[in-house]
Amino acid sequence: MTPAPASTRGPTLTQGAAAATPEPAPGLPRRAGPLLTLINPNSSAAMTTLVGASARLVAGPDTRIEAVNPRMGPASIESHYDEALAVPGVLAEIARAEAAGSAGYVIACFGDPGLDAARELARGPVVGIAEAAMHTASLLGRSFSVVTTLGRTRGRAWDLADRYGVRALCRSVRACEVPVLELDTDPLARSRILAECGASVERDEAEVIVLGCAGMAELCAWLTAELGVPVIDGVAAATVLVEGLVRLGLSTSARGEYAPPPPKPYTGILRPFGLTEGH
């Protein structure tokens, strides 16, 4: 059984408390930068390696990136059922990383599974890749489209656009109909993704493209060159955003909805997730 997510939210940092690491005095070793944990909510080790590499490409030189996936959960997330069953594993990884001193978190699945619950447990900021990608797109154009994997996930992307306040900017959500675990093996995957991105630009008049799956991260630069418009990889966007929040000394508010959850027992297979006073 995965260890209980027994995490305690510490006092909210005041702005400026975790500013960029100053240069060390001559002769002294450089201090390590913040530790950020990137959680791939599915159980694919190959995808964890991919998203970790994407995050490290954009992180600051002193920032440490730990890319992990849960010990339990679905092989990929392509349904509401998958998403629901991925959340306990995400929360267990949050608890483990809290004990290791992680300063911030990225949830690397475009459905942003468990985002609210993770914010209740973590001391540092937690950002989902759909959230980061959509907000980033809103800064780069007056409209964007999402290109995702399977058509059955399109509704979830629209729901998130509503939640994040950017639905008015979203021209379309298109699907390439390539399953998540076949993005690297299907010889037609790249051409299908490019075709849907092209249709988003030419037919839907999108000015920015948001990639709707963490497994598409490595295609970002290629698609940008092919399309001539900004293409957003949510993993990279979320990494930079979380890193910036940490360096500003900002964290999730502990007042109201994201306050630490009240202690209570859980039963059955969820018993290890019960929280006690003081967590």
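The closest donor-acceptor contact from the side chain of S54 to the backbone of L50 lies at 3.5 Å or more, if one exists at all. No donor-acceptor pair closer than 3.5 Å links the side chain of S172 to the backbone N or O of R174. The backbone N or O of G33 lies less than 3.5 Å from a partner atom in the side chain of R64, making a donor-acceptor pair. A donor-acceptor pair under 3.5 Å links the side-chain atoms of S143 to the main chain of E207, judged by distance alone. Counting only distance, with no hydrogens or angles, the side chain of D204 and the backbone of A206 share no donor-acceptor pair below 3.5 Å. With hydrogens and angles disregarded, a donor-acceptor distance shorter than 3.5 Å links the side chain of T148 to the backbone of G212.
Under the side-chain contact (heavy atoms from CB on, under 4.5 Å) criterion, S76 pairs with E78, V180, L181, not counting sequence neighbours. Contacts of A168 classified as side-chain contact (heavy atoms from CB on, under 4.5 Å), with partners at least two apart in sequence or in another chain: none. Every residue two or more places apart in sequence or in another chain that forms a side-chain contact (heavy atoms from CB on, under 4.5 Å) with D184 is listed here: E218. For D186, the side-chain contact (heavy atoms from CB on, under 4.5 Å) test picks out V178, E182, L188, A189, R192, with sequence neighbours left out.
Crowding of E226 atom CD: a count of heavy atoms from other residues, nucleotides or ligands under 6.0 Å exceeding 12. At most 12 non-hydrogen atoms from other residues, nucleotides or ligands lie less than 6.0 angstrom from CZ of R152.
Separation of atoms CZ (R203) and CD (E196) is listed at 8.0 Å; rounding is to 0.5 Å.
Legend: salt bridge (charged side-chain N to carboxylate O under 4.0 Å, His left out) pairs involving residues 233-243, not counting sequence neighbours, sorted by first then second residue: E243-R247.
Here the shortest heavy-atom pairing between P230 and T224 reads C-OG1, 4.4 Å.
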Name the atoms and distances for all side-chain donor-acceptor pairs under 3.5 Å in residues 125-135, with sequence neighbours left out.
unit_1 : atom_1 : unit_2 : atom_2 : d
E131   : OE1    : R119   : NH2    : 2.8
E131   : OE1    : G128   : N      : 3.3
E131   : OE2    : R119   : NH2    : 3.0

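Under a hydrophobic clustering in which Ile, Leu, Val, Met, Phe, Trp and Tyr are joined whenever their side-chain heavy atoms come within less than 4.5 Å, directly or via other members, L85 and F110 fall into different clusters.
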